[in-house]
> 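I am attaching a structure below and will ask some questions about it afterwards.
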Amino acid sequence: MLRYSLKRLLSLLISLAVASVVIFLVIEVAPGDPAAIMLGINAQPDTLASLRAELGLDVPKWERYLNWVGGMVQGDFGTSYTYRTPVADMIAARMQVSLPLALYALTLSTLIAFPAGIYAAARRGRGGDMAVMGATQLGVAVPNFWFAMMLVLLFAINLRWFGAGGFPGWDKGLWAGLHALTLPAIALALPQAAILARVMRSALIDILGEDFMRTARAKGLTRRQALWRHGVRNALIPVLTIIGLQFSFLLAGSIIIEQVFYLPGLGRLVFQAISARDLIVVESVVMLLVFAVITVNFLVDIAYALVDPRLRSRT
Amino acid sequence: MNRNLILGALLSALFLAAALVSFVWTPFDHTVMDIPAKLQRPDGVHWLGTDQYGRDIFSMIMVGARTSIAVALVAVGIGMALGVPLGLTAAALRGSFLDELIMRGNDLVFAFPSLVIAILITAVFGAGAVNAIIAIGIFNIPVFARITRGAALSLWEREFIMAARVAGKSAARISAEHILPNVTNLLIVQGTIQFSLGILAEAGLSYVGLGAQPPTPSWGRMLADAQTLVAIAPHLALIPGLAIILTVLGLNLMGDGLRDHLDPRLRVSRA
């Protein structure tokens, strides 16, 4: 297990290193000198030079890369070109919206998908299964931002149960914050729940065909007892993998949903940064998202190997 | 033939036809504004109503289908054109350093969701339909590489491949002449699924302004334009959304149906 973990850790580090190089190089290709953009067209050459030195732009590319990566490791993401504030602070403030939103959506998605998937698997081939499968077929076809607009139309504009957008901040209390994130979380959760329910169903159907399920029934368990004690528990392994992978998709997906609800999260930060050509912010947010995806995948791999020893030998 | 396949193919054909017909005919010119006739509900003249500039929504949906289908189709093409040879190579050289390199490269690309790739590309080169195609296309490469490699690996163990090797064929020729034809069904099914994902991705990118730019009509941008008007003219948001859903649903049903149709073994095990 240790050997396997170390191997995975090494590949995690290599992936992160390569990803950072790719992101750095792509941003390097961008036209325009950030210092010149900040100062405008009337900048004096010496002010320009001193700002370039202040931003660390006057050193060779490889040194800038090392400074960028070295800074990130210590939590220093550089200074925003437009706001002149530390990028790390901006990201931290936005994460207070994006991270809870992703976790909220993940919780909702799991709460919907588990019962739906288990129910469909237990009634395989019958009416209930057909209904759930039809609903999931529709769920994967609905664009989540459109679903979000429909939620706003129904629950914010017509029924007035929720606000149509914006975020009051966590200092207004946990309830106010959660209330503001409820519609966005539902919109984000729906397509993920549809996928998860399908995975749950097919994993459970595979398990139900196993010999040990027949044994469980033979030793006198009812169908329901066997399903819960031996079926669902074994089906959880592939399902948990998908949940891990979905987290990163939810984080990226929240970028679009934040636009629908005018939420001050990572997504809005990135779009503001793109239009202001504040490339260092774009660079850092993208690296952070990629870091999240790679790290979650790593943790899922490790968790999977912990649960299923057969996987350790297979790298 | 199964019901999924027929229903899915019909829905997909409907939108493909709308896209093709839009080249020669639309009820109105989708770019012409007619302010006095703005925000009309669907009626006999404007079948799906008009938007805030009085443009005919039915015509915009037809032309928008063109954008969606073109972007998704080219993106799937990029994914297949690069992913399939990579997957075949990795399988032919299984266990080698190159195989490892290709697969690790795949994992790396997977770590960049298509939205993140689009953000990077847009930050550097600006927004546009071509950049959306590239972003979605890059994301498709590892999907096809992985599925091709997986299927090819098991084929390499089969007797008929062994026979081809004994006959002296090179790994490259075996890949092209025997492996590829045997993974085609799988690629068609996966291609349909990626096609539908591509349509969703294009809509999302256009919605946040990273995809097709005005005046190119796009379902995602129609939704973005409709957002502020959703309270007074819900049909502006409803119609492009339904167009996306029906297209994606059609493609997914077609993919499911094709899989069952092309692989009879699944019909038994799924029942």
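Convention: sequence-line order gives letters A, B, ...; per-chain numbering from 1.
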> Are there residues of residues 188-197 of chain A that reach to under 4.5 Å of chain B by heavy atoms, and which ones?
none
> I'd like to check B:Arg104 versus A:Val18 (side-chain heavy atoms, cut-off strictly below 4.5 Å). Are they in contact?
no
> Does anything in residues 60-73 of chain B get under 4.5 Å of chain A by heavy atoms, and if so which residues?
none
> Below 4.5 Å, heavy-atom pairs only: which of B:Val116, B:Leu120, B:Asn252 has the largest tally toward chain A?
B:Leu120
> Among B:Ile245, B:Val248, B:Leu249, which residue satisfies the side-chain contact (heavy atoms from CB on, under 4.5 Å) criterion with A:Val142?
B:Ile245
> Quick check: under 4.5 Å, non-hydrogen atoms only, which of residues 195-203 of chain B neighbour chain A?
B:Leu200, B:Ala203
> Taking the side chain from B:Gln227 and the backbone from A:Val260, do they hold a donor-acceptor pair closer than 3.5 Å?
yes
> Quick one: pull up CZ in B:Phe110 and CD1 in A:Ile294 and give me the separation to the nearest 0.5 Å.
13.0 Å
> Could you work out, with ring pair (Phe, Tyr, Trp, His ring centres under 6.0 Å) as the rule, every residue matching A:Trp146, not counting sequence neighbours?
none
> Under 4.5 Å heavy-atom distance to chain A, tell me which part of B:Leu246 shows up: side chain, backbone, both or neither.
neither
> Measure B:Leu108 against the heavy atoms of chain A and call it side chain, backbone, both or neither at under 4.5 Å.
side chain
> Can you tell me how far apart CD1 (A:Ile14) and CG (B:Asp107) are? Round to the nearest 0.5 Å.
12.0 Å
> Measure A:Val26 against the heavy atoms of chain B and call it side chain, backbone, both or neither at under 4.5 Å.
both
> Passes side-chain contact (heavy atoms from CB on, under 4.5 Å), A:Phe271 versus B:Leu210? Steps please.
CA-CA 10 Å; A:Phe271 289 115; B:Leu210 299 183; 3.7 Å; yes
> Side chain from CB out, backbone as N, CA, C, O: work out which of these in B:Leu115 comes under 4.5 Å of a heavy atom of chain A, or both, or neither.
side chain
